[in-house]
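The figures that follow rest on heavy atoms only: side chains count, while hydrogens, waters and symmetry mates do not.
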Amino acid sequence: MSTEKKPKNVFVQGPITPEKIATSIAHHQVKTNIGGHDIFLGQVRADEIDGKTVSAIDYTAYEEMANQTFHEIREAAFEKFDLTCMHIYHSLGRVNAGEICLFVFTSSAHRKDCFEATRYLVEEIKTKVPVFGKEVFEDGSHTWKENK
Amino acid sequence: MSTEKKPKNVFVQGPITPEKIATSIAHHQVKTNIGGHDIFLGQVRADEIDGKTVSAIDYTAYEEMANQTFHEIREAAFEKFDLTCMHIYHSLGRVNAGEICLFVFTSSAHRKDCFEATRYLVEEIKTKVPVFGKEVFEDGSHTWKENK
Amino acid sequence: MKLNVKYFGMIAEWAGSENGQLDFSGTSVAELRCEIEKRIPGLNSASYQIAVNHVVAANEAIITLGDEIAILPPFAGG
Amino acid sequence: MKLNVKYFGMIAEWAGSENGQLDFSGTSVAELRCEIEKRIPGLNSASYQIAVNHVVAANEAIITLGDEIAILPPFAGG
């Protein structure tokens with residue numbers, strides 16, 4: 001009998017909507033030990049690359065490995081910071097410029113923990129999670145995004 | 001003729017709702033030069049103080065000075081960080097435990113700026129803005145909150 | 001000179017009012033502190049700041065007729 | 001041994017497929033790199049990582065039959 005938690009599925013199809021974010025915030029109003037929330041939202045930019053404008057990013061992932069890595073990152077953050085709650089969602093498939101592709105949400109009694117945790121999580125996600133982004137231009141051609 | 005901007009009114013009556021936050025996020029989806037948003041939400045805690053539980057905070061402010069100070073903090077943040085947008089809202093009046101009293105929202109092309117700006121803004125607000133909080137207990141008695 | 005003084009938060013509670021008038025014969029913020037502490041019980045052992053015309057003022061700052069004076073208890077924003 | 005290999009992102013594009021099978025006679029990840037670079041044009045001058053059983057593997061790591069192999073181009077999450 002294993003007590004290990006199965007990794008949750010972090011991925012959602014398509015963009016993350018403002019309504020989903022509002023619902024998630026509202027769910028925390030019963031948790032009256034929370035004093036601060038820090039939310040990071042990644043939004044797709046209409047970057048200009050070699051004279052062409054990005055109209056969307058088409059996300060794919062090595063899902064089993066990505067969910068396992070998200071799980072490890074979450075566990076590490078719970079160890080490092082005194083958090084009440086932590087939620088992470090990432091898009092798969094097409095996300096248009098201006099839409100949200102990443103939602104990282106941490107909550108804590110005091111602001112220091114949520115501030116540091118959200119930043120830690122975003123940096124870890126960018127460097128460790130196997131998610132791939134095809135930047136699609138207005139003319140249908142594409143290039144591949146690479147995190148710095 | 002003065003070119004100085006008049007300070008905006010940062011205050012809203014009562015709690016800040018998840019719907020207001022969602023609307024604010026949605027308004028940024030036309031700004032396709034944004035790559036990251038960082039949102040801090042302050043939430044009223046049901047702290048236990050000398051055996052009594054806080055049920056709400058009743059916020060008052062020296063409004064003219066507070067709006068002037070918010071304005072200066074905003075201008076300083078725009079100087080220090082490369083931001084696309086910045087929004088700050090603070091509650092006045094009664095905010096129940098679990099409800100949101102502060103909403104700080106910054107957006108930038110790259111994540112570093114919004115992360116640093118939101119944190120800077122929250123620290124500045126906590127130390128410089130004349131807002132006062134009466135912590136009301138369940139039995140109707142009260143004490144006065146003090147930022148650390 | 002007659003000064004209009006605003007009180008906030010716990011200090012308004014101690015003063016029993018959000019506005020007061022003070023007949024002030026001094027010139028500096030330090031002197032104003034002494035004057036106000038005589039009138040508001042508890043203030044001399046409390047932590048508070050004085051704002052003159054919406055800006056927190058040092059003890060050396062000079063007060064002139066018509067200035068907007070506010071007595072500010074510790075901040076609790078956010 | 002026969003290895004099943006997954007390709008992602010731009011590497012899947014270069015490989016023309018998201019899955020491939022490879023007859024591998026070596027033992028280490030370094031050897032696997034050489035083998036795969038022979039098959040996928042452009043890969044030898046690209047930046048990529050190899051995951052073995054969902055974990056990024058160093059060049060010295062040993063590959064055994066049944067391992068899940070994935071060839072990962074640079075990450076772009078967030």
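Within residues 110-128 of chain A, the residues having any heavy atom under 4.5 Å from a heavy atom of chain B are, by residue number, A/H110, A/R111, A/K112, A/C114, A/F115, A/E116, A/T118, A/R119, A/V122, A/E123, A/K126. Along residues 76-98 of chain A, the residues that come nearer than 4.5 angstrom to chain B, judged on non-hydrogen atoms, are A/A97, A/G98 in order of number.
With a 4.5 Å cut-off on non-hydrogen atoms, A/N33 touches chain B through its backbone but not through its side chain. Proximity to chain B is limited to the backbone of A/V44, based on heavy atoms less than 4.5 angstrom apart. Only the side chain of A/I21 comes within contact range of chain B, with at least one heavy atom under 4.5 Å from a heavy atom of that chain. At a 4.5 Å heavy-atom cutoff, the contact between A/I100 and chain B is made by backbone and side-chain atoms alike.
No donor-acceptor distance shorter than 3.5 angstrom exists from the side chain of A/Q29 to the backbone of B/P18, with no hydrogens or angles considered. Under the 3.5 Å distance criterion, the side-chain polar atoms of B/Q43 are left unmatched by any main-chain donor or acceptor of A/S107.
For the set B/C101, B/A22, B/S24, B/G42, the count of heavy-atom pairs under 4.5 angstrom toward chain A peaks at B/A22.
Between A/I39 and B/L41, the shortest heavy-atom contact is CD1-CD1, 4.1 Å.
For the atom pair B/I25 CD1 and A/E19 CD, the distance stands at 9.5 Å (nearest 0.5 Å). Atom NE2 of residue A/H28 and atom CD of residue B/E99 lie 16.0 Å apart, to the nearest 0.5 angstrom.
For the side chain to side chain donor-acceptor pair (under 3.5 Å) test, residues two or more places apart in sequence or in another chain that qualify with A/K52 are A/S141. Looking at residues two or more places apart in sequence or on another chain, you find a salt bridge (Lys or Arg N to Asp or Glu O under 4.0 Å) between A/R45 and A/D47.
In this structure, A/D139 places its CG atom where more than 12 heavy-atom neighbours from other residues, nucleotides or ligands lie under 6.0 Å away.
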